[in-house]
Protein chains: 2
Amino acid sequence: MTQPISFSSDPALNINALKASCSACSMHQLCLPMGLDDADINRLDQIIGRRRRLLAGERLYQMGEPFRNLYAVRFGHFKTYQINASGEQQITGFQMAGELLGMDAISGDRHHCDAVALEDSEVCEIPFSHLEDLFGHVPALLRHFHRIMSQEITREQNVMLLLGNMRAEQRFAVFLINLSARYAARGYSSTTFQLRMSREDIGNYLGLTIESISRLLSRFKKQGWLKVDKREVTLLDPAHLKAMAAGTEQCSPMA
Amino acid sequence: MTQPISFSSDPALNINALKASCSACSMHQLCLPMGLDDADINRLDQIIGRRRRLLAGERLYQMGEPFRNLYAVRFGHFKTYQINASGEQQITGFQMAGELLGMDAISGDRHHCDAVALEDSEVCEIPFSHLEDLFGHVPALLRHFHRIMSQEITREQNVMLLLGNMRAEQRFAVFLINLSARYAARGYSSTTFQLRMSREDIGNYLGLTIESISRLLSRFKKQGWLKVDKREVTLLDPAHLKAMAAGTEQCSPMA
DNA sequence: CGCAGTCTTGAGCGCAATCAACCCTTGTGG
DNA sequence: CCACAAGGGTTGATTGCGCTCAAGACTGCG
């Protein structure tokens with residue numbers, strides 16, 4: 001998990017063209033098929049498209065491209081970002097295994113943001129028109145899909161709260177605790193993990209500069225709240241960080 | 001539209017218990033039934049619940065309440081806001097006629113924010129379980145519902161861009177131009193309209209203080225970009241404001 | 001009239017941005 | 001081997017945007 005994944009260049013071993021199988025996927029309890037019985041998972045398997053591998057930095061889709069597929073992350077990490085008229089980017093989210101990409105493209109039939117792999121990664125293509133066909137036959141799938149979209153709405157509302165109301169220190173604590181919880185849900189350590197994104201990406205996401213992120217890391221380290229080595233972070237006092245994220249712990253200024 | 005609506009206190013005239021009818025509703029080309037044919041609209045009418053009237057300041061639903069209904073705004077305006085652990089609120093949106101409320105509650109089965117009427121208003125109750133039943137029989141309705149949810153996701157991403165990247169002046173220009181476009185889509189003036197929300201609400205939504213909003217209004221007025229009288233705003237130079245919102249016009253500081 | 005709520009305006013400050021210098025790692029090519 | 005450059009990250013000095021604090025104006029309402 002912490003090492004970059006090297007893909008075989010032997011075409012016989014390349015599974016880019018292989019169809020994915022939800023039933024055999026380790027993420028099926030987090031992803032789209034969550035809660036489906038075996039029969040329904042099989043129906044979902046029928047329509048899931050091929051897998052697609054991306055190298056670090058490769059783009060999965062681009063703003064303006066016609067929308068055909070949702071993508072489920074099998075492994076690896078992605079960032080999604082918007083670019084406004086004046087060319088500045090705003091990262092709208094970081095996605096990891098089991099999470100769905102592309103839902104913002106359903107209205108408008110075109111992708112509304114860019115999605116880029118932060119490391120070597122793999123996704124399942126989910127042709128949306130086929131998924132729509134399936135909704136009529138598998139109500140449980142439809143219900144779960146609505147939950148996923150709704151969850152994305154609440155996630156973004158939480159980011160609005162973060163960007164609109166919180167000081168730098170609290171934003172960063174929220175960010176760390178959020179990553180921690182998501183890794184825990186996937187069976188990884190909730191206290192030690194690699195930051196897959198650069199300091200610049202973190203700053204952009206949190207509405208701060210790269211320098212502020214660097215200073216926050218240094219200060220949190222000095223306070224004994226975490227350990228940092230390059231991009232590996234260890235949370236030494238998760239309870240304190242959680243309190244800071246919740247806003248119950250007082251926030252001190254940056255300088 | 002610009003005057004507060006006074007409700008009759010005569011019970012015989014109170015239509016609170018009346019069922020709503022999409023086909024007869026002036027908002028049906030903006031709201032959930034958009035694009036449906038007559039037969040499908042009738043099926044939708046079957047499941048739409050009663051109308052509900054709210055006085056200014058009344059709460060439609062509260063965070064934590066069990067989720068049963070979506071609500072479509074018939075007339076009036078609402079604000080939705082979250083409250084975090086330390087008691088601070090963040091307004092996540094302002095809703096007007098034809099817009100849907102409550103989609104963030106689908107995951108989790110409980111409302112995730114509060115919705116409060118900004119003026120005397122009316123909504124249609126849409127029992128979500130009935131709507132789900134209908135999805136299987138009216139694919140066009142399902143497709144449009146997905147577009148509405150997706151649109152909400154992109155709307156929030158735009159707010160993230162605003163809160164994360166823009167200066168106060170640009171945020172406020174985006175806010176004004178957004179209102180202008182939404183009133184235009186409803187057949188109202190795109191240049192003169194009432195701000196239904198207080199300065200404080202605007203500030204909260206835009207991640208600014210009430211004082212900053214007041215100063216921005218004064219400055220925009222002094223620059224000749226708009227006229228302000230209490231809560232009535234007239235955009236005198238919409239092109240300039242649009243350019244500011246897009247970021248193509250240079251941004252000057254607040255002080 | 002008083003009073004409360006909303007809004008405006010001014011003065012000063014503080015948090016995070018900006019600007020700048022430097023470090024470290026990685027990769028390239030002589 | 002070293003020289004060099006590029007990218008990512010850290011740290012310090014300074015600036016400035018928008019917040020905070022404070023006072024006062026205006027409105028609506030009993």
Side-chain angles (χ1 to χ4, degrees), chain A residues 4 56-57 79 88 90-91 116 118-119 162-175 194-223 226-233 244 247 250-255, chain B residues 3-4 6 56-57 79 88 90 118-119 162-175 194-223 226-233 244 247 250-255:
Chain A
K79 65 173 172 182
E88 313 244 3
Q90 168 72 36
I91 292 176
V116 167
L118 292 172
E119 59 185 337
L162 178 147
L163 292 172
N165 270 325
M166 297 183 190
R167 315 227 138 276
E169 188 172 69
Q170 193 180 2
R171 293 185 198 190
F172 193 55
V174 168
F175 174 74
Q194 297 281 330
L195 299 172
R196 277 16 182 253
M197 63 295 288
S198 67
R199 308 284 198 266
E200 184 161 18
D201 283 344
I202 298 173
N204 184 297
Y205 179 61
L206 297 179
L208 301 169
T209 58
I210 179 173
E211 293 97 327
S212 292
I213 300 300
S214 186
R215 279 184 244 272
L216 283 164
L217 274 169
S218 301
R219 194 145 54 85
F220 281 26
K221 191 164 56 176
K222 196 173 350 179
Q223 300 275 8
L226 49 73
K227 251 187 345 187
V228 196
D229 178 29
K230 313 250 173 75
R231 292 191 175 182
E232 179 170 293
V233 173
M244 280 178 48
Q250 199 51 262
C251 228
S252 61
M254 279 248 348
Chain B
Q3 295 304 316
S6 52
K79 65 173 172 182
E88 313 244 4
Q90 168 72 35
L118 292 172
E119 59 184 338
L162 178 146
L163 292 172
N165 270 325
M166 296 182 191
R167 313 229 141 276
E169 188 173 69
Q170 192 180 2
R171 293 186 199 190
F172 193 55
V174 167
F175 173 74
Q194 296 282 331
L195 299 173
R196 272 31 178 245
M197 63 296 287
S198 67
R199 309 284 197 265
E200 184 160 19
D201 283 344
I202 299 173
N204 184 297
Y205 178 62
L206 296 179
L208 301 169
T209 58
I210 179 173
E211 294 96 328
S212 292
I213 300 301
S214 187
R215 278 184 246 272
L216 283 164
L217 273 170
S218 302
R219 194 145 55 85
F220 281 25
K221 191 165 55 176
K222 194 171 356 175
Q223 300 276 7
L226 48 74
K227 250 186 349 187
V228 197
D229 178 28
K230 316 250 173 80
R231 291 192 174 182
E232 179 170 293
V233 173
M244 279 177 50
Q250 199 49 263
C251 227
S252 61
M254 278 249 349

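Just so we're on the same page: letters track the sequence lines, and every chain starts at 1.
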Could you state the atom-to-atom distance from [atom1] of [X] to [atom2] of [N] in whole Å?
X	N	atom1	atom2	result
B:Glu211	D:dG24	CD	C1'	14 Å
B:Ile213	C:dC7	CD1	P	11 Å
A:Arg219	C:dA16	CZ	P	8 Å

Evaluate the side-chain proximity of A:Asp201 to A:Tyr205: yes if any heavy-atom separation is below 4.5 Å, no if none is.
no
Do A:Glu169 and A:Arg219 come within less than 4.5 Å of each other through their side chains, counting heavy atoms only?
yes
Sugar-phosphate only, base, or nothing, as touched by [X] at under 4.0 Å among non-hydrogen atoms:
X	value
A:Thr209	base
B:Ser214	base
A:Gly203	nothing

Is B:Arg215 near enough to D:dG18 that one of its side-chain N or O atoms lies under 4.0 angstrom from OP1 or OP2?
no
Does a side-chain N or O of B:Ser212 approach OP1 or OP2 of D:dC19 to a distance below 4.0 Å, or not?
yes
What nucleotide among [options] has an atom nearest to a side-chain atom of [X]?
X	options	answer
B:Leu208	D:dA22, D:dG18, D:dG9	D:dG18
B:Arg231	C:dT6, D:dT10, C:dT9	C:dT6
B:Arg167	C:dA16, D:dC17, D:dT11	D:dC17
A:Ala168	C:dA16, D:dT11, D:dT20	C:dA16

Candidate list A:Glu119, A:Glu232, A:Lys230, test side chain to side chain donor-acceptor pair (under 3.5 Å), partner A:Gln194, passing option
A:Glu232
Any chance you could lay out the side-chain contact (heavy atoms from CB on, under 4.5 Å) test for B:Val228 and B:Phe220, step after step, and finish with the verdict?
CA-CA 9 Å; B:Val228 197; B:Phe220 281 25; over 6 Å; no
